[in-house]
Every structure is written in structure tokens, then in C-alpha cells.
Amino acid sequence: MRIIKNTLQMQKIALGHIKNSDEIGLVPTMGALHEGHISLIAKSKKRDDITIVSIFVNPTQFGPNEDYLKYPRNTKKDLEICRESHVDYVFMPLVGDMFPANHKTFVEVEILQDILCGKFRSNHFRGVVTVIVKLFNISYADRSYFGMKDFQQLKIIEKMVKDLNFRTKIIPCPIVREESGLAISSRNSYLSIEEKKTSENISRILKEASEDFKIKDLNFVKEIVLSKLKKIPESKIDYAEVVDFNDLSLADESTRKVVFAIAVWIGQTRLIDNTIMIKQTK
Ligand code: AMP
């Protein structure tokens with residue numbers, strides 16, 4: 001496994017592999033790697049000749065009052081995980097190399113970037129999309145792996161790839177959960193033991209909603225979810241919304257495949273989760 005810190009060097013290495021007809025898989029991460037990331041890496045290892053994992057806590061996707069500085073960083077453990085997962089290259093650029101002071105270009109995906117999480121985190125997706133565009137150009141990825149935990153992010157990247165004719169194929173990967181149902185996230189490390197217990201309600205409520213959705217009206221299911229979420233102690237709901245699986249537009253009774261997406265604060269920690277729900281045809 002090679003650790004590459006320089007963007008130009010990574011680009012040269014990747015281009016060498018492309019010339020060699022190797023297929024490249026990219027797993028973009030912000031580090032603090034866990035089972036969720038490992039599942040993405042495993043998918044790439046199965047399919048691609050070369051697996052690149054990028055580890056970069058991207059400052060442009062954090063708001064001024066968000067957790068950029070305290071975001072968990074553990075390079076030693078991350079590298080161990082990558083080694084154990086037989087990653088070929090870990091790309092760990094410095095902030096100044098990715099976003100020098102004179103960086104001026106940003107990529108935006110209109111409308112999709114302003115709904116759900118975008119309503120509460122302005123400029124977040126602009127930062128995400130821009131860094132992903134850069135990583136695609138640096139890695140020459142044939143495929144790139146994204147978790148469905150960040151469902152809006154996945155849909156926005158898919159749209160960007162389509163709109164801008166990128167050759168990289170986006171591979172969606174299922175949410176990896178703890179036994180309790182809690183979606184695994186680097187930010188779970190912020191939670192106290194008590195808060196973690198409380199957080200487990202989120203996935204339970206979503207699971208119950210997907211059962212209810214089979215037989216009950218959409219608005220009714222939404223109301224039940226909201227009332228259950230409100231009862232979680234020390235919590236604050238950013239949103240609990242049902243959207244069309246395909247384009248994130250607001251779902252109505254006629255939408256067959258929907259995503260119930262939730263963002264909730266448990267104490268000082270913002271958690272997101274979602275579930276895909278399919279209407280049974282009568
Ligand atoms: P992050 O390091 O949080 O930016 O996440 C990097 C990638 O891992 C993103 O595509 C995430 O959606 C994905 N990911 C994070 N947590 C999970 C999880 N629990 N299950 C599946 N994918 C995940």
C-alpha cells in the first residue's frame with residue numbers, strides 16, 4: 001500500500017494505471033474509518049484492479065459554526081484499516097494542496113443542493129461536489145463508491161456526473177448499521193453512552209415507518225414518525241421528509257419508491273439516517 005500526499009503525484013500514478021488498462025476504484029472518505037467505509041472498500045476490491053481510498057477532511061463542506069476542527073481524525077488507525085483491507089493507494093492530500101488560498105472554482109447542483117440537509121447547511125453540498133469533482137480528476141476513477149447513508153449526497157453526485165458527462169460510474173452501497181440499528185457514522189464518537197442509546201430510536205422509528213408505509217397513507221406515516229421523533233429526549237428535529245427515490249422531489253401518495261430521510265440532533269451531535277420504502281401494488 002502506498003500513501004500519496006501530493007495531488008500531482010496521485011494524478012500521474014492514476015494515469016499510469018489507466019494507460020496500463022487497469023480499472024480504478026475510488027472510495028472518497030473523511031477518515032475516522034469504520035465498518036461503513038470498509039464495506040465500500042470491499043466492494044471496490046472485488047471489482048476494480050486498483051483501489052484508491054482518499055482521506056480528506058474537506059473544509060469547504062463545513063459551515064463556519066460546524067465541527068471542522070473537532071471532526072475525528074485518526075490517521076494511524078485509518079492506515080491500519082486500509083492496509084488490512086488491501087487498499088492499493090491511500091490519497092491524503094493537504095488542505096493547501098487541494099484548496100490553495102487562490103482557489104476560485106466551485107461546482108453546484110441546483111435545487112438538489114438546497115433541500116433536506118442543504119436547508120440547514122448552506123454551501124455544504126457545493127463543497128462536497130467540488131471536492132468530488134477534484135478527486136475524480138485526480139484519480140481517473142472508473143468507479144466511485146458512495147454510501148446510501150448520505151442519500152442526498154449520493155443523488156447529487158449522480159446528477160453531477162450525468163450533467164457534466166463524467167466517465168466515473170457511481171456505485172451506491174447499502175447503509176451499514178450497528179446491531180442496535182444505529183447507522184454507523186464517524187460522528188457517533190461524539191455521543192455519550194446515554195446519547196447513543198437514545199440515538200437508536202431513530203433507526204427503529206424508520207423501520208417501523210417502512211412497515212406502516214406498506215398499508216397506510218404517506219401523510220399518516222409522516223405524522224407518526226414526527227410524533228415519535230419529538231418524544232426522543234434531548235433531541236431536535238432538523239427535518240423528517242419523504243422524497244422520491246429517483247429525484248428527491250417531495251413524494252406524494254402516487255410515488256411508489258420513496259426515501260424517508262431524517263436529520264436529528266441528539267444533544268450536540270447531528271445524525272442523519274434514511275430508509276427506502278416501496279408501496280405495495282394492490
Ligand atoms: P464520510 O467519511 O463520512 O464522508 O463517508 C465516506 C463515505 O462512506 C460516504 O460515501 C458515506 O456515505 C459512506 N458511509 C459512511 N457511513 C456509512 C455507513 N454506515 N454505511 C455505508 N456507507 C457509509
Side-chain angles (χ1 to χ4, degrees), residues 25-46 48 51-63 66-68 70-75 77-79 81-82 85 87 90-93 95 98 116-117 121 124-136 139 141 143-161 168-191 196 199-200 202-203 206-207 248 259 261-264 269-276:
L26 171 72
V27 181
T29 82
M30 296 208 297
L33 301 182
H34 51 63
E35 290 298 327
H37 300 114
I38 293 171
S39 73
L40 272 52
I41 296 171
K43 277 220 154 118
S44 167
K45 281 300 298 175
K46 253 194 172 163
D48 307 308
T51 297
I52 303 175
V53 172
S54 63
I55 298 180
F56 181 64
V57 185
N58 169 25
T60 69
Q61 70 185 68
F62 288 81
E66 292 184 356
D67 56 344
Y68 174 65
K70 77 163 195 178
Y71 193 83
R73 291 163 171 89
N74 193 343
T75 307
K77 187 170 166 224
D78 288 349
L79 292 177
I81 289 175
C82 287
S85 308
V87 168
V90 179
F91 176 50
M92 312 178 54
V95 172
M98 287 293 272
L116 304 173
C117 283
R121 305 186 69 189
H124 168 66
F125 289 111
R126 167 189 195 256
V128 170
V129 174
T130 302
V131 85
I132 294 297
V133 166
K134 285 172 73 74
L135 290 170
F136 285 1
S139 69
R143 280 177 280 275
S144 187
Y145 298 79
F146 290 87
M148 292 170 87
K149 178 172 165 289
D150 302 271
F151 192 79
Q152 185 178 10
Q153 167 176 289
L154 166 70
K155 285 289 160 179
I156 288 177
I157 303 289
E158 282 178 345
K159 186 81 179 101
M160 177 278 288
V161 161
T168 310
K169 196 169 177 330
I170 304 303
I171 314 291
C173 305
I175 302 175
V176 178
R177 298 179 180 280
E178 292 190 356
E179 227 169 280
S180 65
L182 178 66
I184 301 180
S185 161
S186 305
R187 287 190 169 98
N188 290 357
S189 64
Y190 299 153
L191 299 167
K196 201 165 177 200
S199 307
E200 293 167 7
I202 300 168
S203 57
L206 279 173
K207 202 169 170 200
L248 299 184
V259 176
I262 287 178
V264 184
T269 308
R270 187 175 186 275
L271 299 175
I272 57 169
D273 199 351
N274 69 78
T275 189
I276 296 167

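Counting convention: from 1, in listed order, for ligands and their atoms alike. Sequence positions, counted from 1, serve as the residue numbers for this chain.
- Lys155 forms no cation-pi arrangement with Phe146, by the criterion of a distance under 6.0 Å to the ring centre and an angle within 45° of the ring axis.
- A heavy-atom distance below 4.5 Å is found between the side chains of Phe62 and Tyr71.
- Classification of Asp78 and Arg73 as a salt-bridged pair fails, no side-chain N sitting under 4.0 Å from a carboxylate O.
- Protein residues having at least one heavy atom under 4.0 Å from any atom of ligand 1 are Pro28, Thr29, Met30, His34, Gly36, His37, Leu40, Tyr71, Phe146, Gly147, Lys149, Asp150, Gln153, Pro174, Ile175, Val176, Ile184, listed by chain and number.
- Looking at Tyr68 and Asn58, their side chains never bring a donor and an acceptor atom within 3.5 Å of each other.
- Contact check for Asp48 versus Arg143: side-chain heavy atoms found under the 4.5 Å cut-off.
- Each of Lys43, Lys46, Lys45 was checked for a side-chain contact (heavy atoms from CB on, under 4.5 Å) with Thr51, and the lone residue meeting it is Lys45.
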